[in-house]
Amino acid sequence: MLVAAALCPCPPLLVPEVAAGAAPELDALRAACLDAIGVLAAARPDRLVVLGPDEAGGGTYPQGAIGSFRGFGVDLEVPLGAAETAPDRELPTSLSVGAWLLSRTDWDDAPVEALGVARSLPRDRCLAMGQEIAAAAPRVALLVMGDGSACRTVKAPGYFDERAEAFDAEVARALGDADTDALAALGEEPAAGLQASGRACWQVLAGAAQGAGLSGRLLREEAPYGVGYFVAAWS
């Protein structure tokens, strides 16, 4: 059963070493992410699953899997939780950011694993996946990585799209209210058109949270680079 969830954005710039001189711009966002992970620890889960968009098509990653930021010009690696040996398979970027956040909290409250979710995964499969995850242990917590629209301004990665602000506003409301129906109703085509990487992961969460009776709180919302970033905690 799902007992808690933390929702965080996954830009590599969240890692100060990657952001370099721009690091202070995201200090408040980082602090909110760590607060959300604190909610996971307080829930005393038996198992933590980190979800993140995976361009390679998805898959599972065990505790100890390594996330690397060398592709961003930084000689930095982070393991997923604590493990004596590191599996060969490297985490995708979104899950590397999640592993970095957990490392900042010295996570050892429960065994952890990660699941890459294909951004194009259909809604029904997302919901079913979430239900399976929630049923896998008596007390499951999720750290859900994902960004909103990448089309908020003309300088955004996806350029400006007039639909972006309304899309992100609905996502922020749904995440803050733990509204699983609204998350499940997010359109796959609009999300893809707006380059919202979090859509599939949020719908996995919606499936996992069905019947759990969780309440939500939006801790942070901003779009400093024309991309919607949200931090929320469900408990």
Quick one: do Arg152 and Glu165 satisfy salt bridge (charged side-chain N to carboxylate O under 4.0 Å, His left out)? Show the steps, please.
CA-CA 6 Å; Arg152 294 278 290 267; Glu165 189 169 348; 5.2 Å; no
Partners of Ala114 by side chain to side chain contact (heavy atoms under 4.5 Å, CB included), sequence neighbours excluded?
Val50, Tyr61, Leu80, Leu91, Leu95
Is it the case that over 12 heavy atoms from other parts of the model lie below 6.0 angstrom from the CZ atom of Arg44?
no
Report yes or no: does Arg70 contribute a side-chain atom to a donor-acceptor pair with the main-chain N or O of Leu76 at less than 3.5 Å?
no
Do Arg139 and Arg47 have side chains that approach each other closer than 4.5 Å (heavy atoms only, starting at C-beta)?
no
Test item: Arg163 side-chain N/O and Leu194 main-chain N/O as donor-acceptor pair under 3.5 Å
no
Could you check whether the rings of Tyr229 and Tyr225 sit parallel, tilted or perpendicular, using 30° and 60° as the cut-offs?
perpendicular
Taking all heavy atoms of Leu143 and all of Leu40, pick out the closest pair and write down the distance.
CB-CD1, 4.1 Å
Examine distances only and state if a side-chain atom of Asp147 and a backbone atom of Gly198 form a donor-acceptor pair shorter than 3.5 Å.
no
For Arg104, does the CZ atom have more than 12 heavy-atom neighbours from other residues, nucleotides or ligands under 6.0 Å away?
no
Between the CD atom in Gln203 and the CZ atom in Arg123, the distance rounded to the nearest 0.5 Å is 5.5 Å
Does any N or O in the side chain of Asp179 come within less than 3.5 Å of the main-chain N or O of Asp181, such that one atom is a donor and the other an acceptor?
yes
Counting N and O atoms only, with roles assigned by atom type, does the side chain of Gln195 sit under 3.5 Å from a partner on the main chain of Ala150, one being a donor and the other an acceptor?
no
Examine distances only and state if a side-chain atom of Trp202 and a backbone atom of Val171 form a donor-acceptor pair shorter than 3.5 Å.
no
When you measure from the side chain of Asp168 to the backbone N and O of Ser149, does any donor-acceptor pair fall under 3.5 Å?
yes
Measuring only between side-chain heavy atoms, which start at C-beta, is Ser94 closer than 4.5 Å to Ser197?
no
Out of curiosity, Cys8 SG to Asp35 CG, how far, rounded to the nearest 0.5 Å?
10.0 Å
Which residues pass the side chain to side chain contact (heavy atoms under 4.5 Å, CB included) test with Ala23, not counting sequence neighbours?
Pro16, Ala19, Arg30
Any donor-acceptor pair under 3.5 Å linking the side chain of Gln210 with the backbone of Gln131?
no
